[in-house]
Asks: 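Below are the structure tokens for one structure; questions will follow.
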Amino acid sequence: MALSLFDNSDTSQAQATELVAQALAGSDDGELFVEKRETQGFSFDDGKLKAASFDESQGFGLRAVTGETAAYAHSTEISAAALKRAAALCKSMAMSGGQIAASPERTNQKLYSAHNPVEAIGFAEKISLLQKVDGFARALGPEVAQVSVSLASDWQSVEIIRGDGSIYRDVRPLVRFGVSIVSARGGIQGQGSHGLGGRGDPASYLTEELWQGAAREAYRQSLVSLDAKPAPAGETDVLLGPGWPGILLHEAIGHGLEGDFNRKGTSAFAGLMGQRIAAKGITVVDDGTIPDRRGSLSIDDEGTPSNCTTLIEDGVLVGFMQDRLNARLMGVKPTGNGRRQSYAHAPMPRMTNTYMLSGDRHPDEILKSIKKGLYAKSFGGGQVDITSGKFVFSCTEAYLIEDGKITTPVKGATLIGSGADALTRISMVGNDMALDPGIGTCGKQGQGVPVGVGQPTLRIDRLTVGGTAA
């Protein structure tokens, strides 16, 4: 599908290509990244439409890379004058005599649908949907005190021009829908939320079955929260549920396997390539090739086709996620993980859909193996230190495990440890790998990009749990 990102500009694509070639002459690498974007958002709260937004933006970012130094200029104005100013800045950083790196190989891969989620469903229809969800959620039970519903749509068109004249184009739809419910009983409040989304046909994420299921799940969580008791603290065996709990894997381990941190030696996994870093049976991949998933990419933001990159294989560290700059400096191939938030940001190694593959244990078998422990079904916020790998994660839904059975719901539980150590404490891996429902956003150095996570049921032995019980 040909894009015309220069249609309303006073410069042609051919002129832009010539400017890029001049700007990058003598550089090791670089590109012109041109973007046009539409975003739309709705927030329905307390039975009323509280916010509706629409934004249309465009711009370009020009980058010249020499060694490990990058010059980057960006502008909201796609014009000959702005491009010439950016080219002059980047050219001033280039060292003469360099040879531009070869452009990425092309594939016929196309992971996204052609549906623009901003335009595919009309404004009135979206408002009507939010009203239906609100009414349905309020009728779920007498405990429902507050309902919030949100719907966000994003449509991104990109064109990447490299120094040798190669041009790469892509269109990227994105939908995210969410329901949040606050329930009240006897002066106590409990909250639950559930969301879903992805890059497929917008209507496929907004069927009656899906939005009703999201409302019921948010309501269920809110009722569990009402009954939850303060979590005990101490070291205990932990059972992690499948799917969204993979966010712990993403944060505590995934960032440490990005190329830049390892090239600079600041990751807890730096220098460990080829060594065992996890228990046998553990395989972790970053896969940007899964159709319609939130983190999937036909090409990354440098033009490299996305890949399924194996990071840990049977417990052994075998790969890192790479953009072009870090791959070149480390003497390896880029993996299609060069990502940026927008034209105003330079690319860097980022995750796509990062998950652990299934093992051979039935989830019931894993549960029955734990005499006393904590079942962490879902997580909220967390923090991780990339250099040490130490993490702290808050559980939004957790239960005590007693004699192999899930019993009392608890609140205020946090998981504390380090990614490298936690990998070695995984003793059982379930056969039920699941991906999250399509809600993740990853932050790194001030940039946010959509991602996916996943894992099977896991048993982690003797992990530190912070609690609020007296």
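Excluded from the calculations below are hydrogen atoms, water molecules and symmetry mates; all remaining heavy atoms, backbone and side chain alike, are included.
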Asks: Is the backbone N or O of Gln322 less than 3.5 Å from a side-chain atom of Thr335, with the two atoms forming a donor-acceptor pair by type?
Replies: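 A pair under 3.5 Å: yes.
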
Asks: Would you check if the side chain of Arg276 reaches a backbone N or O of Asp314 as a donor-acceptor pair within less than 3.5 Å?
Replies: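 Yes; judged by distance alone, with no hydrogens or angles, the pair exists.
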
Asks: What is the minimum heavy-atom distance between Gln109 and Ser306, and which atoms define it?
Replies: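 Closest approach of Gln109 to Ser306, heavy atoms only: NE2-OG, 3.0 Å.
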
Asks: Quick one, Lys390 with Gln383, criterion side-chain hydrogen bond (donor to acceptor under 3.5 Å, both in side chains). Give me CA distance, side-chain angles, the key distance, then yes/no.
Replies: CA-CA 8 Å; Lys390 292 182 178 179; Gln383 294 181 329; over 6 Å; no

Asks: Pair Phe60, Ser75 - check side chain to side chain contact (heavy atoms under 4.5 Å, CB included), show working.
Replies: CA-CA 6 Å; Phe60 73 83; Ser75 173; 3.6 Å; yes

Asks: Determine whether the aromatic ring centres of His250 and His255 lie less than 6.0 Å apart.
Replies: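 Aromatic pair counts; centres sit under 6.0 Å.
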
Asks: Counting neighbours of NZ on Lys50 that are heavy atoms of other residues, nucleotides or ligands and sit closer than 6.0 Å, is the number greater than 12?
Replies: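 Counting neighbours around NZ of Lys50, more than 12 heavy atoms of other residues, nucleotides or ligands fall under 6.0 Å, so yes.
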
Asks: Under a plain distance cut-off of 3.5 Å, with no hydrogens placed, do Ser180 and Gln191 share a side-chain donor-acceptor pair?
Replies: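 The criterion, which ignores hydrogens and geometry beyond distance, is satisfied for Ser180 and Gln191.
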
Asks: If every non-hydrogen atom of Val451 is compared with every non-hydrogen atom of Cys442, which pair is closest and at what distance?
Replies: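 Minimum heavy-atom contact is CG1-CB, 3.6 Å.
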
Asks: Inspect the contact between Glu31 and Arg340 and indicate whether a charged nitrogen and a carboxylate oxygen are less than 4.0 angstrom apart.
Replies: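 The answer is yes: the pair qualifies as a salt bridge.
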
Asks: I'd like to know if Asp29 pairs up with Arg324 as an ion pair, taking the criterion as any Lys NZ or Arg NE/NH1/NH2 lying under 4.0 Å from an Asp or Glu carboxylate oxygen.
Replies: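 Result for this pair is yes, salt bridge flagged.
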
Asks: Looking at Arg459 and Asp237, is there a salt bridge between them, counting it only when a charged N and a carboxylate O are closer than 4.0 Å?
Replies: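 Yes.
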
Asks: Any donor-acceptor pair under 3.5 Å linking the side-chain atoms of Asn326 with those of Arg263?
Replies: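 Indeed, the side chains of Arg263 and Asn326 share at least one donor-acceptor pair under 3.5 Å.
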
Asks: Just checking Gln275: does its CD atom have more than 12 heavy atoms from other residues, nucleotides or ligands closer to it than 6.0 angstrom?
Replies: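 Counting other residues, nucleotides and ligands, CD of Gln275 exceeds 12 neighbours.
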
Asks: Kindly determine whether Arg176 and Ser150 satisfy side-chain hydrogen bond (donor to acceptor under 3.5 Å, both in side chains), including the steps that lead there.
Replies: CA-CA 8 Å; Arg176 177 170 171 167; Ser150 63; over 6 Å; no

Asks: Look only at the side chain of Thr207 and the backbone of Leu210, and say whether a donor-acceptor pair between them is shorter than 3.5 Å.
Replies: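 Side chain of Thr207 to backbone of Leu210: a pair is present.
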
Asks: I need the Trp211 CH2 to Leu151 CG distance, nearest 0.5 Å.
Replies: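 It comes to 13.0 Å.
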
Asks: If you measure from the Lys or Arg side-chain nitrogens to the Asp or Glu carboxylate oxygens, is any gap between Lys444 and Asp260 under 4.0 Å?
Replies: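 The answer is yes: the pair qualifies as a salt bridge.
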
Asks: Counting distance only, does the side-chain N/O of Tyr72 pair as donor-acceptor with the main-chain N or O of His345 below 3.5 Å?
Replies: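 Side chain of Tyr72 to backbone of His345, a donor-acceptor pair under 3.5 Å: yes, one is there.
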
Asks: What pair of heavy atoms forms the shortest contact from Ile299 to Arg169, and how long is it?
Replies: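 Between these two residues, the closest heavy atoms are CD1-O, 4.1 Å.
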
Asks: Would you find a donor on one side and an acceptor on the other, under 3.5 Å apart, between the side chain of Lys91 and the backbone of Ala25?
Replies: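 Pair found, side chain donor or acceptor close to backbone of Ala25.
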
Asks: So which heavy atom on Ile439 is nearest to which on Gly195, and how close?
Replies: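 Reported closest heavy-atom pair: CG2-C, 3.3 Å.
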
Asks: Using the benzene-type ring in the case of Trp, are the ring centres of Phe269 and Phe320 under 6.0 Å apart?
Replies: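 No, too far apart.
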
Asks: Would you mind telling me which of Arg63, Arg328, Arg339 makes a salt bridge (charged side-chain N to carboxylate O under 4.0 Å, His left out) with Glu302?
Replies: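 The passing option is Arg63.
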
Asks: Checking Gln447 side chain against Pro347 main chain: does a donor-acceptor pair fall under 3.5 Å?
Replies: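 Flag not set: sc Gln447 to bb Pro347 has no pair under 3.5 Å.
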
Asks: Can you check whether Asp287's main-chain N or O pairs, donor with acceptor, with Asn353's side chain at less than 3.5 Å?
Replies: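 Side chain of Asn353 to backbone of Asp287: a pair is present.
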
Asks: Which atom names give the shortest non-hydrogen contact between Pro117 and Leu174, and what distance separates them?
Replies: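 Looking at all heavy atoms of both residues, the shortest contact is CG-O, 3.6 Å.
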
Asks: Take Ser427 and Asp461 through the side-chain hydrogen bond (donor to acceptor under 3.5 Å, both in side chains) test and state the conclusion after the steps.
Replies: CA-CA 7 Å; Ser427 60; Asp461 296 338; 3.1 Å; yes

Asks: So, the side chain of Tyr205 versus the backbone of Arg199: is there a donor-acceptor pair under 3.5 Å, distance only?
Replies: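 Yes, Tyr205 side chain to Arg199 backbone: donor-acceptor pair under 3.5 Å.
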
Asks: May I ask you to decide if Ser103's main-chain N or O and Arg162's side chain share a donor-acceptor pair within less than 3.5 Å?
Replies: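 Here the side-chain-to-backbone pair does not exist.
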
Asks: With respect to Asp286, which candidate in Thr309, Thr310, Asn337, Asn307 satisfies the side chain to side chain donor-acceptor pair (under 3.5 Å) definition?
Replies: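 When Thr309, Thr310, Asn337, Asn307 are each tested with Asp286, the side chain to side chain donor-acceptor pair (under 3.5 Å) holds only for Asn337.
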
Asks: Over all heavy atoms of both residues, which pair between Thr352 and Leu297 is shortest? Give the atoms and the distance, please.
Replies: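 For Thr352 and Leu297, the tightest heavy-atom pair comes out as CG2-CD1, 4.0 Å.
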
Asks: Just to verify, which of Asp154, Asp300, Asp301 counts as forming a salt bridge (charged side-chain N to carboxylate O under 4.0 Å, His left out) with Arg172?
Replies: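 Testing each of Asp154, Asp300, Asp301 against Arg172, the sole residue satisfying salt bridge (charged side-chain N to carboxylate O under 4.0 Å, His left out) is Asp301.
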
Asks: Using side-chain hydrogen bond (donor to acceptor under 3.5 Å, both in side chains), reason through Glu35 and Gln156 one step at a time and then give a plain yes or no.
Replies: CA-CA 7 Å; Glu35 174 190 39; Gln156 181 191 34; 2.7 Å; yes

Asks: Take a 6.0 Å sphere around CD of Glu235 and say whether it holds more than 12 heavy atoms from other residues, nucleotides or ligands.
Replies: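 Result for CD/Glu235: enclosed.
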
Asks: Thr11 side chain to Ala80 main-chain N or O, any donor-acceptor pair under 3.5 Å?
Replies: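 Flag not set: sc Thr11 to bb Ala80 has no pair under 3.5 Å.
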
